[in-house]
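Values below: all heavy atoms of this structure, side chains included; hydrogens, waters and symmetry mates excluded. Please read all numbers here as calculations on a predicted model, not as lab measurements. Per chain, numbering begins at 1; letters A, B, ... match sequence-line order.
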Amino acid sequence: MPVDTVTLARYLVGKTLVHDLPRSRVGGRIVETEAYPVGDAAGHAFRGQTPRNRSLFLERGHAYIYFAYGSCWCTNVSSETCGVGGGVLIRALEPLEGIALMRRHRALSRLFDLARGPGRLSAAMRIDRRLDGLDLCSGASPLWLGTAVRPVGEIRATTRIGLSREAHRTLRFYERGSPFISGPRRLLS
DNA sequence: AGTGCGATTGACT
DNA sequence: GTCAATCGCACTA
């Protein structure tokens, strides 16, 4: 696993994210990420460690899950060494496994909208605070990162979504041409 | 104790 | 394309 945040954000595109539920499994291919490296004023770790963001300071590869806008859970991977704050936001997933169950979690039928956006993918995969702080690479967690199921396409970089600070930095990565990424369609190509 | 504000989404024009 | 709901948390007093 790469040792810096930006490289990790690129590396995660094409890998899988899987959640083992009591009776079944849901998961998919990561097609879009955003990097929040050390020293980035837009990152939750920027102002130091607090009870809310403590998982960002765990060794790289742990889950940081936070609640945004009163309704959405967002799923991140910690990306630095223990004690240093940094993370990668998982923004969109190409659904692969347990699609019928994910549709039920989202009460929605369109496959392309199932996991297109950080809050949507967390809802589809039933990810919430209970999974915060888990080691995503240990092999023992119900939420885990898996290897790529097929070769990844061209990875493109653009500006991150929804920020006021550091808005110019191109730290959003996505698989070119994927219909499963979030944001305006014009950014697809 | 009170205030302000999002790493968003879904509904609506 | 625009816009407001919603609430946990950080920050100020």
Side-chain angles (χ1 to χ4, degrees), chain A residues 4-13 17 28 30-58 60-80 84-93 95 102-134 136 143 145 155-175 179-188:
Chain A
D4 74 283
T5 300
V6 177
T7 309
L8 177 64
R10 263 183 188 278
Y11 168 87
L12 287 175
V13 175
L17 181 67
I30 297 167
V31 295
E32 178 186 350
T33 63
E34 282 178 359
Y36 290 88
V38 175
D40 174 22
H44 287 180
F46 184 65
R47 288 165 207 288
Q49 189 171 339
T50 68
R52 178 200 186 192
N53 68 16
R54 66 193 156 80
S55 296
L56 275 180
F57 293 78
L58 297 173
R60 63 181 63 80
H62 286 73
Y64 165 54
I65 295 164
Y66 70 90
F67 193 60
Y69 293 99
S71 59
C72 307
W73 295 98
C74 293
T75 304
N76 304 253
V77 181
S78 70
S79 55
E80 298 288 335
V84 179
V88 174
L89 173 67
I90 310 297
R91 283 198 60 92
L93 222 63
M102 288 196 281
R103 278 190 213 270
R104 245 173 287 154
H105 293 161
R106 291 260 297 130
L108 165 148
S109 58
R110 286 177 57 186
L111 182 64
F112 287 168
D113 292 332
L114 201 50
R116 208 167 64 75
R120 291 165 176 170
L121 85 83
S122 299
M125 292 190 69
R126 193 149 279 183
I127 292 172
D128 61 32
R129 169 129 270 167
R130 289 172 299 192
L131 305 175
D132 184 53
L134 286 184
L136 299 174
L143 186 66
L145 289 164
I155 295 174
R156 294 216 153 186
T158 185
T159 51
R160 296 173 294 182
I161 297 204
L163 302 184
S164 49
R165 286 185 300 227
E166 308 270 10
H168 62 285
R169 301 184 73 182
T170 54
L171 292 174
R172 174 173 176 245
F173 302 99
Y174 61 95
E175 184 177 40
F180 298 98
I181 71 169
S182 70
R185 318 270 18 117
R186 66 187 154 79
L187 294 175
L188 274 175

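The nucleotide whose nearest atom lies closest to any side-chain atom of A:R106 is, among C:dA10, C:dC9, B:dG10, B:dG10. Each of C:dA10, B:dT9, B:dA7 was ranked by its minimum atom distance to the side chain of A:L163; first place goes to B:dA7. Comparing B:dA7, C:dG8, B:dT9 against the side chain of A:C72 picks out B:dT9 as the nearest.
Base pairing of C:dC11: its partner is B:dG2, meeting the Watson-Crick or G-U wobble criterion (both donor-acceptor distances under 3.5 Å). In this entry C:dT6 has no Watson-Crick or G-U wobble partner, no candidate having both defining distances under 3.5 Å.
Here A:L89 lies in heavy-atom contact (under 4.0 Å) with a base. In this structure, A:R165 reaches neither bases nor backbone, as no heavy-atom distance under 4.0 Å exists between it and the strands shown. Nucleic acid contact for A:R52: sugar-phosphate only, since backbone atoms but no base atoms lie under 4.0 Å from a heavy atom of the residue. Nucleic acid contact for A:A68: none, since no nucleic acid atom lies under 4.0 Å from a heavy atom of the residue.
Computed from coordinates, the A:Y66 OH to C:dC7 C1' distance equals 14 Å when rounded to whole Å. In this structure, A:D113 places its CG atom 11 Å from P of B:dA11, rounding to the nearest Å. Going from atom CH2 of A:W73 over to atom P of C:dC7 covers 12 Å, rounded to whole Å. In this structure, A:I90 atom CD1 and B:dA7 atom C1' are separated by 12 Å, rounded to whole Å. Separating the CD1 atom of A:I161 from the C1' atom of B:dG6 is a distance of 15 Å, rounded to the nearest angstrom. Atom P of nucleotide C:dC9 and atom CZ of A:F46 are separated by 22 Å, given to the nearest angstrom. Between A:F112 atom CZ and B:dG10 atom P the separation is 17 Å, expressed in whole Å. Distance A:D128 CG to B:dT8 C1': 17 Å, rounded to the nearest Å.
Residue A:R91 has a polar side-chain atom (N or O) positioned under 4.0 Å from OP1 or OP2 of B:dT8. Of the side-chain N and O atoms in A:R47, none sit less than 4.0 angstrom from OP1 or OP2 of B:dG6.
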Quiz item: Can A:L17 and A:I127 be said to form a side chain to side chain contact (heavy atoms under 4.5 Å, CB included), step by step?
Solution: CA-CA 11 Å; A:L17 181 67; A:I127 292 172; 4.3 Å; yes

Quiz prompt | Worked verdict on A:S122 versus A:D128 for side chain to side chain contact (heavy atoms under 4.5 Å, CB included) | solution = CA-CA 7 Å; A:S122 299; A:D128 61 32; over 6 Å; no

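Only one option out of A:V31, A:T75, A:I30 pairs with A:L93 in a side chain to side chain contact (heavy atoms under 4.5 Å, CB included); it is A:I30. Evaluated for a side chain to side chain contact (heavy atoms under 4.5 Å, CB included) with A:P37, the options A:T7, A:D4, A:L171 yield exactly one hit, A:L171.
Residues A:Y64 and A:D132 meet the side-chain proximity criterion, which asks for heavy atoms closer than 4.5 Å.
Looking at which nucleotide of DNA chain B each of A:L121 and A:G70 is closest to, the 5′-most match is held by A:G70. Mapping A:T50 and A:Y69 onto DNA chain C by nearest heavy atom places A:Y69 at the nucleotide closer to the 5' end.
B:dA7 has its base stacked against the ring of A:Y36, the centroids being under 5.5 angstrom apart at an interplanar angle below 30°.
Between the side chain of A:E32 and the backbone N or O of A:S182, at least one donor-acceptor pair lies under 3.5 Å.
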